[in-house]
Amino acid sequence: MNKRVMLIANSASMIDHFNRDNISILQRMGCDVTIAANFKDGNSSTKEKIDAFEQELNEMGIDIIQLPIPRKVSHLFKMFKSVKLIKNYMAENPCALVHTQTPFGGVAGRLAAKSFRKSGETKVIYFAHGFHFFKGASFKNYLIYYNIEKYLAKYTDCLITLNQEDFKTASKKFKKTKVEYVPGVGVDTTAINMLTVDKKAKCKELKIPHNKKIVLTMAELIPRKNVEGAINAFAAAENDDAILLICGKGREQRKLKDLVKELDIKDKVYFAGYRTDILEICRMSDIFLFTSRQEGLPVAVMQAMAAGLPVIASDIRGNRDLLAPDKDSKSKDYLVDVNQTSEFTEKLNYLLKKEKECKKLGEANVANCRKYFDIELVHQRMCDIYTDMLPADQE
């Protein structure tokens with residue numbers, strides 16, 4: 001009988017974006033996989049993509065539990081319903097391992113698995129995609145999220161962090177829990193760097209000019225991602241020979257479009273929406289601009305680096321891991337105080353004029369991706385952790 005592993009997250013898009021490889025690893029290890037997430041609400045990708053993902057999982061023989069996991073603390077009643085659904089499923093389908101992630105998914109999964117873990121039936125992994133009580137977070141965030149994580153740490157067999165700040169924090173604060181570092185989901189550096197794109201054709205598809213330098217930003221259009229900062233920085237730059245291409249969807253889209261209109265740069269800023277061809281877009285772009293206020297280890301920045309782009313990014317946790325992985329990193333000078341729009345503009349102006357510098361930075365970014373964040377490194381780390389957490393086969 002195969003061992004069963006349950007993957008839990010707030011949203012199906014989190015599983016789609018960050019756990020496809022984990023599903024493959026577990027299946028290769030001979031495990032049955034169950035996915036528990038919200039397939040209806042709170043997803044960062046389109047309904048069509050989520051529906052296609054659900055169908056794909058069904059065709060793979062993977063059990064799906066539709067969880068009404070909330071994204072707001074005010075909707076906690078949905079959390080209790082999610083806990084009950086997970087517990088009921090586990091009572092009928094024993095799970096050797098529960099792999100939880102995202103704040104609310106992590107809470108629901110660990111509370112649901114608590115009694116099964118106590119009886120020795122189940123081990124629990126929590127993959128923290130960025131603690132909400134990071135340095136610089138509000139006191140309210142620290143008070144709420146730190147105490148939740150502290151309480152749930154005793155019901156966690158392995159806590160995985162994806163940046164060095166969180167790894168050090170967890171190692172210090174949750175000493176009774178095994179803490180591991182895994183560099184995010186990784187990127188296939190070689191495949192991305194070898195990708196070729198017909199810029200003229202792709203620009204035509206996107207309905208953007210092909211004879212301009214492309215400053216790219218990609219993020220969910222929500223306040224935390226601070227796309228407004230990217231727009232303001234670009235608007236103040238010497239942008240006659242450039243456009244800003246924004247990939248992503250979210251609740252701030254209308255507000256951001258109004259800002260572009262207000263700044264009178266409608267002919268230079270393009271909203272591409274949610275894209276499935278983001279790697280091709282990276283390969284044809286010239287500069288990546290990322291002004292987010294909070295990250296764990298941003299895949300968007302990793303993809304831009306692997307594509308050979310110079311990156312200007314906010315000087316925050318996660319971005320520092322990527323652009324300054326060692327003291328000799330050439331890209332560390334392009335980490336900017338998130339509140340200093342003028343500094344983003346200054347860096348942007350410089351790189352728009354310096355093609356050789358862009359090329360050097362891009363080459364350094366590819367090298368760092370290959371050395372520290374390549375997908376094969378991540379696969380090996382996850383395989384080792386799963387092997388350690390799963391019960392040994394009986395002779």
Side-chain angles (χ1 to χ4, degrees), residues 192-219 221 225-248 256-257 259-261 263-273 275 277-292 298 300-314 319 322-323 330-336 340-366 369:
I192 293 172
N193 202 241
M194 289 176 66
L195 189 65
T196 57
V197 182
D198 183 333
K199 180 176 179 179
K200 191 171 182 179
K202 181 58 71 173
C203 286
K204 184 178 180 181
E205 178 188 330
L206 290 164
K207 298 178 181 177
I208 62 176
H210 69 274
N211 58 346
K212 299 281 187 180
K213 289 184 178 178
I214 299 173
V215 178
L216 173 65
T217 191
M218 48 182 169
L221 307 185
K225 296 294 186 176
N226 189 34
V227 177
E228 181 178 348
I231 292 171
N232 283 322
F234 178 80
E238 297 166 17
N239 57 39
D240 287 345
D241 192 37
I243 63 165
L244 176 64
L245 180 61
I246 301 171
C247 295
L256 295 172
K257 285 187 173 181
L259 174 62
V260 167
K261 186 177 180 181
L263 293 170
D264 195 26
I265 50 174
K266 278 182 71 178
D267 60 331
K268 295 177 180 177
V269 179
Y270 296 83
F271 289 82
R275 303 293 305 187
D277 57 349
I278 201 65
L279 296 177
E280 293 178 21
I281 293 173
C282 281
R283 286 293 287 162
M284 73 165 192
S285 297
D286 297 279
I287 298 169
F288 190 70
L289 179 62
F290 194 69
T291 53
S292 179
V301 175
M302 251 189 280
Q303 290 173 327
M305 291 172 67
L309 289 180
V311 176
I312 305 168
S314 44
N319 289 349
L322 293 169
L323 295 185
K330 291 182 173 64
S331 292
K332 68 179 182 296
D333 293 336
Y334 292 86
L335 288 165
V336 177
Q340 297 299 319
T341 302
S342 60
E343 288 187 31
F344 281 105
T345 300
E346 181 185 328
K347 299 292 185 186
L348 194 52
N349 279 338
Y350 180 76
L351 290 183
L352 283 170
K353 296 172 187 171
K354 302 286 184 179
E355 288 189 20
K356 286 185 179 178
E357 179 69 5
C358 286
K359 186 178 179 183
K360 273 195 223 173
L361 288 169
E363 289 171 351
N365 285 338
V366 172
C369 256

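What you see is a predicted model, and the numbers here were worked out from it, not measured in a lab.
Using a 4.5 Å heavy-atom threshold, the side chains of Y334 and Y350 count as touching. Using a 4.5 Å heavy-atom cutoff, the side chains of I312 and V215 are not in contact. The side-chain heavy atoms of I214 and C203, taken from C-beta on, include a pair separated by under 4.5 Å. Put simply, the side chain of N232 reaches to within 4.5 Å of the side chain of L259, judged on heavy atoms.
Note that CD1 of I192 is 8.5 Å distant from CG of L195, once rounded to the nearest 0.5 Å. To the nearest 0.5 angstrom, N365 atom CG is 14.0 Å from K360 atom NZ. For the atom pair M305 CE and L361 CG, the distance stands at 10.5 Å (nearest 0.5 Å). One finds the CD1 atom of I208 at 13.5 Å from the CZ atom of F271 (value rounded to the nearest 0.5 Å). For the atom pair L323 CG and S331 OG, the distance stands at 5.5 Å (nearest 0.5 Å). Atom NZ of K353 sits about 12.0 Å away from atom CG of D241, to the nearest 0.5 Å.
Of the possible polar contacts, none joining the K268 side chain to the A235 backbone as a donor-acceptor pair under 3.5 Å is found. Between the side chain of T217 and the main chain of F290, no donor-acceptor pair closer than 3.5 Å is present. Although no hydrogens or angles enter the test, the distance criterion places a donor-acceptor pair under 3.5 Å between the side chain of K212 and the main chain of D240.
For the side chain to side chain contact (heavy atoms under 4.5 Å, CB included) criterion with L216, the lone passing option out of L245, L289, L244 is L245.
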*Check the pair L206 / I281 against side-chain contact (heavy atoms from CB on, under 4.5 Å), numbers first and verdict last.*
CA-CA 10 Å; L206 290 164; I281 293 173; 4.2 Å; yes
_Go through it in stages, so that I can follow the logic: the residues are C358 and D286, the test is side-chain contact (heavy atoms from CB on, under 4.5 Å), and I'd like the CA-CA distance, side-chain angles, deciding distance and then a yes or no._
CA-CA 8 Å; C358 286; D286 297 279; over 6 Å; no
*Give the C-alpha distance, both sets of side-chain angles, the deciding distance and a yes or no for side-chain contact (heavy atoms from CB on, under 4.5 Å) between S314 and N226.*
CA-CA 10 Å; S314 44; N226 189 34; over 6 Å; no
*Chi angles and distances behind the side-chain contact (heavy atoms from CB on, under 4.5 Å) call for V311, N319*: CA-CA 10 Å; V311 176; N319 289 349; over 6 Å; no
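The two residues V366 and N193 make their nearest non-hydrogen contact at CG2-ND2, 3.4 Å. Residues N349 and E238 approach most closely at OD1-N, 2.7 Å, considering heavy atoms. Residues G248 and L221 approach most closely at O-CD1, 3.6 Å, considering heavy atoms. What you find for A219 and V227 is that their closest heavy atoms are CB-CG2, 4.1 Å. Summarising the geometry of Y270 relative to K207, their closest heavy-atom pair is CE2-O, 3.7 Å, with the distance given to 0.1 Å. Here the closest heavy-atom approach between residue M302 and residue L322 is recorded as CG-CD2, 3.5 Å.
K200 and D198 are not joined by a salt bridge, as no carboxylate oxygen comes within less than 4.0 angstrom of a charged side-chain nitrogen. Salt bridge status for E280 with R283: absent, with no side-chain N to carboxylate O gap under 4.0 Å.
Counting heavy atoms of neighbouring residues, nucleotides and ligands inside a 6.0 Å radius, atom CD of E205 exceeds 12 of them. Dense packing is recorded around NZ of K332, with more than 12 heavy atoms of other residues, nucleotides or ligands lying under 6.0 Å away. Heavy atoms from other residues, nucleotides or ligands lying under 6.0 Å from CG of D264 number 12 at most.
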